[in-house]
Amino acid sequence: MWAAPTAVLHAETIAPSLSEREWVLPENAGEPRSHAFLILSRGGILRTSEDEMEMPSPSLLWLPSQGGERIRIDAGARGYMLSVDDDFLTRTISSAPEGSLLRPVLNRLALLPPQHLHGRADEIAQSFLALAREVRSPDRVSMAILGAHLTLIGLHIWRLAQGDAPAEVGVRGTGHHVLQQFRQLVELRYREQWSIGRYAAALGVTEDRLHAVCVRNAGHPPRALVCDRVIQDACMRLQQMDVPIEQIAFSLGFKDPGYFNRFFKKQVGVPPGVYRRRVKAQRAGSTGSYAAWP
């Protein structure tokens, strides 16, 4: 059984209508989402808490997750819209070779006007159409196709936005938004022993910016947050998996089991072997028998 694409991405055609239509993007709750609108005829208006921008035809709007925006589409307008879960977006971008290019662009609002889309609108529309079709009729390869077309749309935005804004663009929103994306990326990559510099590049921020955000909003520098996630996984494996410690070390991305032992002891206070024995002793003492544990 394959995963349901509708859980991570929604795409639909905006067909001509006799009256105006409006989308009100909800404030982020537990599952933040980014949105995109491709307008091919007529136009619309984007309203945020701070500004109002016209969306002529053709135009492409990218809205990173935040919520509270209103998009009004004129009567007779034609185009496409999509909504994508930020976890899926992060996984897709991180796995793409061009991920370090896409992240800074997709972290900020982008509205590409007609002069930027000249000769490209129909080409971009094909990816929106493919996403809408894939969501309607999913199969076992749908997730890969969604990721491919989502990356393609991101690449179009990156290429067409060049010259529209400085290369060093601040991430939209507060530091909480950057921290959230960092935690998502850590969840995907902590077993690959990424450097903090690589995390920062993938997020489109400097190392200093990432460090300041993590300390201010989480109380710890980024390296400590990565280490905490590695230790959490290591402890879980030591408690639940009856395999050699060397195997656990390798599964967490450590090429040298000795280094893993030293790393674990520094973080937890005891070597992994001692930690495992203590956990087993505590369980045996509290239940009288391992058979009593589920």
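- Judged by distance alone, the side chains of Asp228 and Gln267 never bring a donor and an acceptor atom under 3.5 Å apart.
- The pair Arg91-Asp87 fails the salt-bridge criterion, with no side-chain N (NZ, NE, NH1 or NH2) lying under 4.0 Å from an Asp/Glu carboxylate O.
- Rounding to the nearest 0.5 Å places CD of Gln184 at 13.0 Å from CZ of Arg189.
- A 4.5 Å side-chain heavy-atom check between Phe37 and Ile71 finds at least one atom pair inside the cut-off.
- Cluster annotation: Leu152 is not connected to Leu102 through the hydrophobic network of ILVMFWY side chains, with a link wherever side-chain heavy atoms come within less than 4.5 Å.
- Gln240 is linked by a side-chain contact (heavy atoms from CB on, under 4.5 Å) to Met236, counting only residues two or more places apart in sequence or in another chain.
- Under a 3.5 Å cut-off, the side chain of Ser17 and the backbone N or O of Ala75 do not form any donor-acceptor pair.
- Linking Ile, Leu, Val, Met, Phe, Trp and Tyr residues whenever their side-chain heavy atoms come within less than 4.5 Å leaves Ile45 and Met53 in two separate clusters.
- Judged by distance alone, with hydrogens and angles left aside, the side-chain atoms of Asp85 form a donor-acceptor pair with the main-chain N or O of Phe88 at under 3.5 Å.
- Cluster membership check: Leu117 shares its hydrophobic cluster with Leu155, using side-chain heavy-atom separations under 4.5 Å among Ile, Leu, Val, Met, Phe, Trp and Tyr.
- Using cut-offs of 30° and 60° on the angle between ring planes, the pair Phe254 and Phe263 is tilted.
- Scanning both residues, Val8 and Met143, for their nearest heavy atoms gives CG2-CE, 3.7 Å.
- If you take CH2 on Trp62 and CD1 on Ile153, they are separated by 8.0 Å, rounding to the nearest 0.5 Å.
- Residue Phe250 is not grouped with residue Val243 when hydrophobic side chains (ILVMFWY) are merged at heavy-atom distances under 4.5 angstrom, including chains of intermediate members.
- Around the CD atom of Glu123, the shell of radius 6.0 Å holds more than 12 heavy atoms that belong to other residues, nucleotides or ligands.
- Criterion: ILVMFWY side-chain heavy atoms under 4.5 Å apart, direct or through other members. Under it, Tyr259 and Ile248 are part of a common hydrophobic cluster.
- When only modelled atom types and interatomic distance are considered, Tyr199 and Glu207 share no side-chain donor-acceptor pair under 3.5 Å.
- Leu82 is listed as a side-chain neighbour of Val84, based on a closest heavy-atom distance under 4.5 Å.
- Between Pro272 and Leu238, the shortest heavy-atom distance links the atoms CB-CD1, 3.8 Å.
- In this structure, Asn107 CG and Gln181 CD are separated by 4.0 Å, a value rounded to the nearest 0.5 Å.
- Here the side chains of Ile39 and Ile73 are in contact, with some heavy-atom distance below 4.5 Å.
- With hydrogens and angles left out, the side-chain atoms of Arg42 and Ser57 include no donor and acceptor closer than 3.5 Å.
- Ion pairing between a basic and an acidic side chain is recognised when a charged N comes within 4.0 Å of a carboxylate O; Glu20 and Arg72 show such pairing.
- Atom-to-atom distance recorded for Asp122:CG and Leu129:CG is 11.5 Å, nearest 0.5 angstrom.
- In this structure, Cys214 and Phe182 have side chains that are in contact, with non-hydrogen atoms separated by less than 4.5 Å.
- Annotation: side chain of Ser251 is not in contact with side chain of Arg191 (no heavy-atom distance under 4.5 Å).
- Note that CD of Glu187 is 8.5 Å distant from CG of Asp233, once rounded to the nearest 0.5 Å.
- You'll find the side chain of Ile124 reaches within 4.5 Å of the side chain of Leu60, heavy atoms only.
- Surrounding CZ of Arg133 are at most 12 heavy atoms belonging to other residues, nucleotides or ligands under 6.0 Å away.
- Note on Glu22 versus Arg70: salt bridge recorded, some NZ/NE/NH1/NH2 to OD/OE distance being below 4.0 Å.
- Separation of atoms CZ (Arg276) and NZ (Lys280) is listed at 5.5 Å; rounding is to 0.5 Å.
- Between the side chain of Ser137 and the main chain of Glu134, no donor-acceptor pair closer than 3.5 Å is present.
- A search for side-chain contact (heavy atoms from CB on, under 4.5 Å) contacts involving Val215 returns His211, Pro221, not counting sequence neighbours.
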